[in-house]
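Here the structure comes first, spelled out in structure tokens, and everything after it is commentary.
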Amino acid sequence: AQKVTQAQTEISVVEKEDVTLDCVYETRDTTYYLFWYKQPPSGELVFLIRRNSFDEQNEISGRYSWNFQKSTSSFNFTITASQVVDSAVYFCALSEARAGGTSYGKLTFGQGTILTVHP
Amino acid sequence: DTEVTQTPKHLVMGMTNKKSLKCEQHMGHRAMYWYKQKAKKPPELMFVYSYEKLSINESVPSRFSPECPNSSLLNLHLHALQPEDSALYLCASSQGIQRKLTKNIQYFGAGTRLSVL
């Protein structure tokens, strides 16, 4: 069984603060993908990043950075110098690739972290 | 372009009504998905279509009837819904569902906010 845990239900910061969103996952598969999505109040889930299980290299994209550690089954997301526009619900998700057949790409989502950035 | 378009944006319907939700993508994707999302919860997968064929039905009640008339369109027909079916319905698409891991980024639409009275 697969599971994604986002222990932080809500985070509130002041603009320009750095903030890290935690994500811990469980899977029996050796091959899988991890994702982060952002859901602003408009409702659309916006794809932010995908990381496969073979690649533990951390990634930086502008103010966003991701730290993937297989040893601790974590895939944390950091926003540097947060802005009001970063206010949204952030979901971490896991997709397994099942050996011997097709992967229907089912995403297992965490419960989400509500991030509020105050001006 | 990673746009998935859903219509309508909002829908209010009675329990005896029949309505349909529409989803469209022009990215050449061959897999399309319906999700249901209740307030303050993550999306829950309902259906997956691959090459216009239903691949997965996550034990969804028959009052929800999906249809994929072509590779760009996905519909969700609604009939005799219950108030507890009120939710945000999200459509997503991806290049495919094959095991090749390069193809399974799901891109989502903005959703249809459904209220059942």
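Since the structure is predicted, the reported quantities are computational estimates derived from the model, not experimental observations.
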What's the separation between atom [atom1] in [X] and atom [atom2] in [Y], rounded to the nearest 0.5 Å?
X        : Y        : atom1 : atom2 : value
B:Lys40  : A:Ile114 : NZ    : CD1   : 5.5 Å
A:Lys106 : B:Leu45  : NZ    : CG    : 6.0 Å
A:Glu44  : B:Glu3   : CD    : CD    : 8.0 Å

For this session: Under 4.5 Å, heavy atom to heavy atom: which of residues 12-20 of chain B reach chain A? Give them by number, or say none.
Result: none
Would you say [Y] ends up clustered with [X] if hydrophobic residues are merged whenever their side chains have heavy atoms under 4.5 Å apart, either directly or through other cluster members?
X        : Y       : result
B:Val4   : B:Tyr89 : no
A:Val117 : A:Val46 : no
A:Leu48  : A:Tyr32 : yes
A:Phe35  : B:Met27 : yes
B:Met32  : B:Leu21 : yes

Exercise. Side chain, backbone, both or neither: which part of B:Gln6 has an atom under 4.5 Å from a heavy atom of chain A?
Worked result: neither
On a heavy-atom basis, which atom in [X] and which in [Y] lie closest, and how many Å separate them?
X       : Y        : answer
B:Pro42 : A:Gly110 : CB-O, 3.3 Å
B:Gln37 : A:Phe91  : NE2-CZ, 3.6 Å
A:Gly43 : B:Leu90  : O-CD2, 3.8 Å

Just wondering, are more than 12 heavy atoms of other shown residues or ligands nearer than 6.0 Å to [atom1] in [X]?
X        : atom1 : value
B:Lys9   : NZ    : no
B:Lys41  : NZ    : no
A:Gln57  : CD    : no
B:Leu117 : CG    : yes

Problem set entry | Heavy-atom check, side chain of B:Tyr35 versus side chain of A:Leu107, under 4.5 Å | yes
